[in-house]
Amino acid sequence: MTRRIIVQKYGGSSVANPERIQRVAQRVVETKRRGREVVVVVSALGDTTDELIDLAYQVTHQPSERELDMLLATGEQMSVALLAMAIHTMGEDAVSFTGAQVGILTDGTHTKARLVDINAKRIVEELAKSRIVIVAGFQGVNLNQDITTLGRGGSDLTAVALAEALKAEVCEIFTDVEGVYTADPRLVPQARKLDTISYDEMLEMASLGAQVMQARSIFVAKRFEVPIHVRSSFSLREGTMITKTVKAMEDIVVSGVTLQKDEAKVTVRDVPDKPGMAAQIFGELATNGVNVDMIVQNVSREGATDLSFTVVKGDLPVTLRITRRVASRIGAGEVTTDEGVAKLSIVGIGMRSHSGVAARMFEAMARERINIEMISTSEIKISCVIRRQHADRAVRVIHHAFGLGRRARRR
Ligand code: ASP
Ligand code: MG
């Protein structure tokens, strides 16, 4: 008999209260009764993780990262136990586990640990006893048996990794939206749910602000070609399948528009125009773990040039400290910041084979008199930094310019 394992992941909003937990239990039981072996991964109830972080910061300004992981992991532990109990009331056998119990081994980097190995032996044994297996998302254990967590949104990663380890036929990601959209439907009422999207596009979209799935989890899904189905836990409709490129996708130039409002722009004035200056600034930022996003250097005049770059707002204090130090060392001028920016991006695998995509995007912005301050491109995305006050309107304009709306053709 061939085994048909399915991994289902339910996010925090899907298990936010007892009624929702019961609804999830119902869905899990139905899946089992349709002849599947079911492994369920759950996130912490509702906003539990945020609340726990909040609590920690009420006790101290600098919580130990080891203890933070110990604390945050309790959120998912609540969910798995409650879901198992709810399933029991429906007459099915279910058993809950922490990450450590099912051999989710990570490195030692607390609060953003990396997966090292999964020993799924225990899960396989439990499935063989015809039980539903429920695993706490977002957590693992390192070689010292200390509890670790996988970074915010890490339950997605747990689910994808388990699906790969168990060779599941699909990894279903249940969330509070119907799937992956061409743009955030709260910003763009015409936004359309995509039936399919490629790993590459989803990876870019997740990294560029689409909040459906954790970017790291898609990276792993792509690497092992884990089929993913993003769908709503509140309806039975099909959601979005994330898979390898399929032929029909070649015709679609742009699949989605994303917006990030959590970036800030830093400018260093009068940087001496000679070799090694950028290396010093960005080298020191990198050493301190600051991820620099877009970089623009102006044409030099009188031997000096202005250099601008963006970082996430959370990194602004450390960025400023380092940049000011390096600027004074290399004899550059003032360092200023600008938090009134937003980054708008378009993503699409078709950009690989179609030209004129950037021009179309810039023309649409120009017609609306929206100024572009920075631009960066990759093989399948184009990003522009603009004033934050125009951001929401710009998303609608670009969404329309590429015909992404409902019933429209996506050429
Ligand atoms: N509960 C964790 C978080 O909120 C993990 C997750 O939801 O995937 O980030
Ligand atoms: Mg959560």
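All ligand and atom numbering here is 1-based and tracks the order in the structure. The first residue of the sequence shown is numbered 1, and numbering continues consecutively from there.
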Is it the side chain (CB and beyond), the backbone, both or neither of Glu76 that lies under 4.0 Å from ligand 1, heavy atoms counted?
-> side chain

Among Ser155, Ala159, Gly12, Ser217, closest by any non-hydrogen atom to atom 6 (C) of ligand 1 | Ser155

Short list, please: which atoms of ligand 1 are under 4.0 Å from a heavy atom of Arg152?
-> 3 (C), 4 (O), 9 (O)

Output the list of atoms in ligand 1 that are nearer than 4.0 Å to some heavy atom of Phe138, sorted by atom number.
-> 2 (C), 5 (C)

Mind checking salt bridge (Lys or Arg N to Asp or Glu O under 4.0 Å) for Asp315 and listing every partner two or more places apart, or none if nothing turns up?
-> none

Sorted by chain and number, sequence neighbours left out, salt bridge (Lys or Arg N to Asp or Glu O under 4.0 Å) with Arg122 holds for Glu126

Can you find an N or O of [X] that's nearer than 3.5 Å to an N or O of ligand 1?
| X | answer |
| --- | --- |
| Gly153 | yes |
| Thr49 | yes |
| Asp156 | no |

CE (Met70) with more than 12 external heavy atoms under 6.0 Å | no

What are the two closest non-hydrogen atoms of Ile132 and Val28, and how far apart are they?
-> CG2-CG1, 3.7 Å

Are any of the side-chain heavy atoms of Asp306 and Asp270 separated by less than 4.5 Å?
-> yes

Do Asp184 and Val395 come within less than 4.5 Å of each other through their side chains, counting heavy atoms only?
-> no

